Amino acid sequence: MPYRRKFLKRAGYTTLSALLTMGFLQKDKQKEDGSTNAAPANYLSANVNSPLRQLAAAKGKRYGAAVSTDILLKEKDYADLIARECSIVTPNGELKWNATEPQPGKFTFESADAIAGFCQKHNIELHGHTLFWHMGKPDWLPYPPTLKMLERHVTGVMGHYRNSPVLKSWDIANEIIADSEKETDNPTYGLRKGVKRELIRDLFLLAASVDSSKKFYLNDFGIEGATWKSERFLKMVEYLKNSGVKIDGAGIQSHLWFSTAYGFDEKGFNSVLKRLNDLEVKPLITELDIIIDTPLPDSIKKLDQMVADSYKRYLDLCFAAGVDTVITWGITDRHTWIRHPDWIPGKTFRNNPSLWKFLRPLPFDENLQPKLACNAIAKAFQQAT
Ligand code: XIL
């Protein structure tokens, strides 16, 4: 399997057919109330001129985005936009193992520290992503790493940010749950091959021994509905809780697909959020971006409206369940990982470069102008109780 496909399958977007099989997406052309998933009248067209961070703060919430050091340093308009809109940011790759410990025991924090410095200057919180991931790892590192390797890494990286005035939370582990039964030896917890629940427990314990002043999250994708995967994810959260481990939140990545033909499993997602709240593990939206799948609308304008409408419906549901943090995976379509040739999602898009202009998953366009999706996020914050 080429690397790219492997990545898409394992670390970001699951394929449409897989999602349908998993029950994540529901075919609901015609819902009970007679409405469809097609774009409604444009109730999101009025621009909300306040920055998202301000609208979020008015409701005790936070808005943020994944950022990259090289772009922050190169593009002033991008840096200004992040400073204006975000109250929290996640490094796109700067805190992953391959960036922080490229050689065994040799740590480098230059790139990540540049983001931390930017955060301090602009009063932005920094979310630490991530200490443990099967991707974004140096070649020398096995997966899963040994406990000894984990100990050195966690001590080195968390230790470096122990006194940081901006870094307040860590994705202790990222994407530990397999995508399907076929990819796990562990039907109960669905962990990726080779990963034992006790190793994850020990990783959380290790993290707490280095710096328990931060919030600790377990982060994953494909859990935005009642799926095989979300069930295993919840079991794992429950196990960690019952083991007495410090776990404060669950990162729900939310790399989402919608189309005129299907929406998302609202009932199932509500139940995921409720179960997390019942476990006193706070749900957070950590990597939101939205793709519109085929059949594509006949204009960019309609597409943007669908993206916006999807943002609104998704966030309304999140806020009704008490979610207080929304982080989008990037902020502008100028720099979205899904337009990068390595990560173009799904066969249809991969094989048709002419369709790439329809990949418009983020709140600001290529010229850093707010799109309808930005209005949708703004309105969702405004209407949140
Ligand atoms: C992605 C980045 O955006 C890419 O630039 C990088 O090369 C690969 O990783 N889930 C995650 C993120 O948890 O870390 C991934 O980020 C996107 C999927």
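Remember, it's a predicted structure, so these values are computed and weren't measured experimentally. Start at 1 and go down the list; that is how both ligands and their atoms are numbered.
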Checklist entry - Name the one of Asp211, Ile115, Leu95 that satisfies side-chain contact (heavy atoms from CB on, under 4.5 Å) with Leu167? => result Leu95
Checklist entry - Do the ring planes of His160 and Phe109 sit parallel (below 30°), tilted (30 to 60°) or perpendicular (above 60°)? => result parallel
Next on the checklist: Below 30° counts as parallel, above 60° as perpendicular, anything between as tilted: where do the rings of Tyr143 and Phe132 land?
Outcome noted: tilted
Item to check | Ligand-side contact atoms (ligand 1) for residue partner His129, heavy atom cut-off under 4.0 Å | outcome: 11 (C), 12 (C), 13 (O), 14 (O)
Next on the checklist: List ligand 1 atoms under 4.0 Å from Glu175, heavy atoms only on the residue side.
Outcome noted: 10 (N), 11 (C), 13 (O), 18 (C)
Item to check | Cation-pi, Tyr189 ring and Lys235 (6.0 angstrom, 45 degrees) | outcome: no
Checklist outcome for this item: The atoms of ligand 1 lying under 4.0 Å from a heavy atom of Gln253, numbered in the order shown, are 10 (N), 11 (C), 13 (O)
Checklist entry - Looking at residues at least two apart in the chain, or sitting in another chain, which of them share a ring pair (Phe, Tyr, Trp, His ring centres under 6.0 Å) with Tyr63? => result none
Checklist entry - So, is Trp329 polar-close to ligand 1, with some N/O to N/O distance under 3.5 Å? => result yes
Checklist entry - What are the atoms of ligand 1, with element, lying closer than 4.0 Å to any heavy atom of Trp133? => result 9 (O), 14 (O), 15 (C)
Item to check | Contact partition for Trp343 relative to ligand 1, non-hydrogen atoms under 4.0 Å | outcome: side chain
Checklist entry - Can you name the residues that form a salt bridge (charged side-chain N to carboxylate O under 4.0 Å, His left out) with Asp77, not counting sequence neighbours? => result Arg334
Next on the checklist: For the 3.5 Å polar cut-off, considering only N or O atoms, please tell me whether Asn219 and ligand 1 meet it.
Outcome noted: no
Checklist entry - Relative to atom 9 (O) of ligand 1, which among Lys96, Met135, His340 owns the nearest non-hydrogen atom? => result Lys96
Checklist entry - Should you measure from each heavy atom of Asn174, which atoms of ligand 1 turn up under 4.0 Å away? => result 11 (C), 13 (O)
Item to check | Proximal ligand 1 atoms for Asn92, defined as those under 4.0 Å from one of its heavy atoms | outcome: 2 (C), 3 (O), 4 (C), 5 (O)
Checklist entry - Are Phe319 and Phe381 an aromatic pair by the rule of ring centers under 6.0 Å? => result yes
